[in-house]
Amino acid sequence: MKHSTNPQTRRGGGPALRIGRTLAFVLPVVLVLSGTLAVARVNWSGNPSSPVLTAADASASGASSRAAARAPQDVLRDALLVELQKEDPGVALTHLQQAVDDRPSLAKHCASIARALGKAAVRVYGPTKAQSYARPVCDTSFASGVVTAHR
């Protein structure tokens, strides 16, 4: 077997090797930066940044004298139902998604809240208009609520 005397081959400077070396240097830097940015975006204070949750939490603390303690998902659902009537279902669904993103513990209640919004949307807007607001927030729970209320 004869060894190559080509200077490029002996030094290992082929294009694939150069690309590999570049990736080996750049990839860890990109991963560290993206991880740092992801950690920086998390709300570590525990205070929600969603206006719906803030309003809901404020109404819950004010209502604490009338009722024991309302669950956060009940407060959120009630605030979104009011918002649905004042604005439209699209705004309420957007704020539901923001609330779940800001407070992941609400994710297990997302489907039931979205169904309640769908049922309320049928009462306020009728089945055809209510269905036009459907989007994949909490899967298809809003649309399911529209269908259930329309039966």
Side-chain angles (χ1 to χ4, degrees), residues 12-151:
L17 188 57
R18 277 181 282 169
I19 291 172
R21 285 180 182 160
T22 302
L23 282 176
F25 175 73
V26 172
L27 192 58
V29 172
V30 169
L31 289 174
V32 167
L33 287 176
S34 64
T36 302
L37 292 174
V39 169
R41 281 190 48 100
V42 172
N43 181 359
W44 295 102
S45 70
N47 297 327
S49 62
S50 169
V52 173
L53 274 180
T54 304
D57 289 343
S59 68
S61 64
S64 61
S65 61
R66 287 176 276 162
R70 292 183 62 207
Q73 66 271 14
D74 296 335
V75 173
L76 175 62
R77 183 194 63 238
D78 293 346
L80 291 172
L81 288 170
V82 168
E83 188 171 46
L84 179 138
Q85 292 177 356
K86 288 182 179 179
E87 299 284 335
D88 65 57
V91 173
L93 286 170
T94 297
H95 287 151
L96 172 60
Q97 186 65 55
Q98 288 173 345
V100 170
D101 290 344
D102 290 345
R103 204 179 217 177
S105 63
L106 291 170
K108 61 186 170 193
H109 305 288
C110 187
S112 65
I113 294 171
R115 267 192 302 279
L117 290 172
K119 291 177 183 178
V122 169
R123 287 191 299 273
V124 175
Y125 297 97
T128 304
K129 178 122 173 137
Q131 187 61 38
S132 72
Y133 289 102
R135 63 173 93 146
V137 174
C138 309
D139 296 324
T140 58
S141 299
F142 178 82
S144 171
V146 171
V147 170
T148 303
H150 182 56
R151 288 184 190 169

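Predicted model only: the values in this text are computed from it and were never measured. Throughout, numbering of the chain's residues begins at 1 and tracks the sequence.
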Check your understanding: At what distance, to the nearest 0.5 angstrom, does CD of Gln98 lie from CG of Leu106?
Key -> 13.0 Å
Exercise for review: Could you grab the distance from atom NZ of Lys108 to atom CD1 of Ile113, nearest 0.5 Å is fine?
Suggested key: 11.5 Å
**Study point:** Nearest non-hydrogen partners of Arg70 and Asp74, listed with the distance
**Key:** NH2-O, 3.4 Å
Check your understanding: Applying the side chain to side chain contact (heavy atoms under 4.5 Å, CB included) test to Pro89, which of Leu96, Val122, Val124, Leu84 qualifies?
Key -> Leu84
**Study point:** From CD (Gln73) to CG (Leu80), nearest 0.5 Å
**Key:** 12.5 Å
Review point. Which atom pair, heavy atoms only, marks the closest approach of Ala116 to Leu81?
Key: O-CD2, 3.9 Å
Review point. Where do Gln97 and Asp101 land on the side-chain hydrogen bond (donor to acceptor under 3.5 Å, both in side chains) test, with the steps shown first?
Key: CA-CA 6 Å; Gln97 186 65 55; Asp101 290 344; 3.1 Å; yes
**Study point:** pair Tyr133-Leu117: side-chain heavy atoms closer than 4.5 Å
**Key:** no
Check your understanding: Roughly how far apart are Arg115 CZ and Ser144 OG, rounded to 0.5 Å?
Key -> 5.5 Å
Review point. Does the side chain of Arg135 come under 3.5 Å of the side chain of Thr94 through a donor N or O and an acceptor N or O?
Key: yes
**Study point:** Interatomic distance, Arg77 atom CZ to Cys110 atom SG [nearest 0.5 angstrom]
**Key:** 13.0 Å
Practice item. Work out which heavy atom in Ala121 is nearest to a heavy atom in Phe142; give both atom names and the distance. Key: CB-CZ, 3.8 Å
